[in-house]
2 protein chains.
Amino acid sequence: MNNTVILGYSEKELKKIKSNSIDLIITSPPYADRRKKTYGGIAVVNYIEWFKPIAIEIKRILKPTGSFFLNIKPHTTKGERELYVFELVLFLKKELGFMFIEEYCWTKNGFPGKLNGRFKNAFEPVYHFTKSSPSLIKFNPLACGHPVKKESLARANRKRSSAPANGSGMTAFNTDNHKKLKIARPSNVINVNNVSNQFTLKSKHSATFPVGLVDFFIKSFSDPGDLILDPFAGSGTVGLSCIDSGRKYILIDKVSENVDLINTRINRLIEKL
Amino acid sequence: MNNTVILGYSEKELKKIKSNSIDLIITSPPYADRRKKTYGGIAVVNYIEWFKPIAIEIKRILKPTGSFFLNIKPHTTKGERELYVFELVLFLKKELGFMFIEEYCWTKNGFPGKLNGRFKNAFEPVYHFTKSSPSLIKFNPLACGHPVKKESLARANRKRSSAPANGSGMTAFNTDNHKKLKIARPSNVINVNNVSNQFTLKSKHSATFPVGLVDFFIKSFSDPGDLILDPFAGSGTVGLSCIDSGRKYILIDKVSENVDLINTRINRLIEKL
DNA sequence: CTGCACTATGAATCGCTAA
DNA sequence: GTTAGCGATTCATAGTGCA
């Protein structure tokens, strides 16, 4: 069951997947009170209950070395930001037994919008869960590292006139990381601007995450040949990232227009290669 | 009781402050399991219980038009990020009756650390609470807006050859905001790098938030002459921001070295003016 | 005045060691 | 066993001094 796009309900389709068989799961499920036309619009008060059967299957099919990334941000109601996402994260750890590793911050160019009672929203969280201790998790910390800045590198290569005043600090600039790899450790803030798909797609699907964001997690937390799953595939961005990086994918969506769109995008990418 | 620096315990000192008298409260309390030497190191399991009496007083003394900003980020334990901060935010809303307006994201240059099992931490949240509906809250949305980029302004002034294909998007560029004020609406992501205080302070106090971050909230959510409170003043950055922007301040800290440090920094700033 | 060299440090994180 | 404390690692930045 590799490189498949499935039209169906995740709560049913995930049951057909073998336990401990998926290397990485990354998804942006429908947010509460959103996408009413395509996904029915889950109410805030029902959100955890709605997500629970999905989460149980995710935990079952994820490999012990695997990671689960959840992108979700609550909307505002009458000027207040909803808090069901915090409750969901707590539920996944305390009730379902996931380990909560980290919250990443995806920063983007927010929609300018009106000068109303709040600033524009320019970030979304991505929550990172695992089944086992993080020391056992597949992790390539420098896969998405950015080049060390010129000044830092220059300083590393410069001859020291004297030892540092104390034991800390400057010693670091003589490490393999700087001198050989020239790659700096990435941070948990990932800046990828939203891209409009109005010029590339004739579709009404609102773009979820951009491919650059998905790339970051797939490259950092899986290896080529690994199997990646997105149970709410939307426009199929996860599939495109997998093709680019040599991973296999399973994409599930219950909306047939989305599945058509995914196949169109994938075929177009494959033709290019 | 204006422009005062108080040596004392916040849970006691706040009781002396009149109800509905403070325009804005911004603070970064000691995080759980941190600063054991100066603040005793509150355990994760006791954190909400510890913060509750402070929060009750904050709600009492804050004006109905006022805002309360809380900067706190949980540490990691054995590779997992703690979740007590999410529980605290839920508690403040559900049990104490605060309104939760927004989560802001402060991005900074993270501590490099070694190439272990996680990326470096380069952001902290700031949670925004109020006592009343956000439509009643004091808010200057453009106080910290940055100038509109040249290209956006050019587009706004350019004559449209045709109406936009759909109702969204381009219309925003014809607003007063762009054409008259030439100020762009700020976002909820605030990038202020940490600054070393090695040359400005001979002190062991680690700088909490930088003055640029405090400026952002004080200018956006209060007016000149307003009264600002920081119940965990630390090195007194909130006081410096108030002096710069013409606000009055009450700073409280239980560590006498911190109070000395605050007075030194304030006196030095006043001498410069 | 500009530019470059140099330094210290940041609510970091993990793992080892001593108590 | 359990925990507190300390050492090692690491990179962007701003202030300072000097050419």
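Here is how names work: the chains are called A, B, and so on, in the same order as the sequence lines, proteins then strands, and each is numbered from 1.
Between the CD atom of A:E103 and the P atom of C:dA12 there is a distance of 17 Å, given to the nearest Å. In this structure, B:N191 atom CG and D:dT13 atom P are separated by 9 Å, rounded to whole Å. Atom P of nucleotide D:dA12 and atom CZ of B:F119 are separated by 15 Å, given to the nearest angstrom. Between B:F111 atom CZ and D:dG7 atom C1' there is a gap of 12 Å when expressed in whole angstrom units. For the pair B:F123 CZ and C:dA11 C1', the computed distance is 14 Å after rounding to whole Å. Rounded to a whole Å, the CD atom of B:E82 is 15 Å from the P atom of C:dA12. Going from atom NZ of B:K73 over to atom P of C:dA11 covers 12 Å, rounded to whole Å. Following rounding to the nearest Å, B:D33 (CG) and C:dC14 (P) show an atom-to-atom distance of 14 Å.
Among A:K63, A:R247, A:K131, the one residue that satisfies the salt bridge (Lys or Arg N to Asp or Glu O under 4.0 Å) test with A:D23 is A:K63. When A:F100, A:F217, A:F129 are each tested for a ring-ring contact (aromatic ring centres under 6.0 Å, His included) with A:F68, only one passes: A:F129.
Each of C:dT13, C:dA11, D:dA12 was ranked by its minimum atom distance to the side chain of B:H75; first place goes to C:dT13. Ranking C:dT13, D:dT13, D:dC11 by closeness to the B:N109 side chain, first place goes to D:dT13. Listed nucleotides: C:dA12, C:dC14, D:dC11. Nearest to the side chain of B:N121: C:dA12.
Residues B:N193 and B:K114 both approach DNA chain D. Their nearest nucleotides, taken by heavy-atom distance, put B:K114 toward the 5′ side. Mapping B:Y31 and B:T77 onto DNA chain C by nearest heavy atom places B:Y31 at the nucleotide closer to the 5' end. Between B:P30 and B:E80, it is B:P30 whose nearest contact on DNA chain C lies nearer the 5' terminus.
Within the structure, every side-chain polar atom (N or O) of B:T76 is placed at least 4.0 Å from both OP1 and OP2 of C:dA12. At C:dT13, none of the side-chain N or O atoms of A:R185 fall inside 4.0 Å of OP1 or OP2 (strictly under the cut-off). Phosphate proximity of C:dT13 to B:R81: present, with a side-chain N or O under 4.0 Å from OP1 or OP2.
A gap of 22 Å separates the P atoms of C:dA11 and D:dA8, to the nearest Å.
A salt bridge does not link A:E103 to B:R81: none of the charged side-chain nitrogens sits closer than 4.0 Å to a carboxylate oxygen. A salt bridge links B:K94 to A:E87: one of the charged nitrogens lies within less than 4.0 Å of a carboxylate oxygen. For B:E49 and B:K52, the salt-bridge test fails: no basic side-chain N is under 4.0 Å from an acidic carboxylate O. No salt bridge links B:K248 with B:D226; every basic N to acidic carboxylate O contact stays at or beyond 4.0 Å.
Note on B:G117: nothing from the nucleic acid sits closer than 4.0 angstrom, heavy atoms only. Note on B:P74: nothing from the nucleic acid sits closer than 4.0 angstrom, heavy atoms only.
Base pairing annotation: C:dA11 forms no Watson-Crick or G-U wobble pair, as no partner gives both donor-acceptor distances under 3.5 Å.
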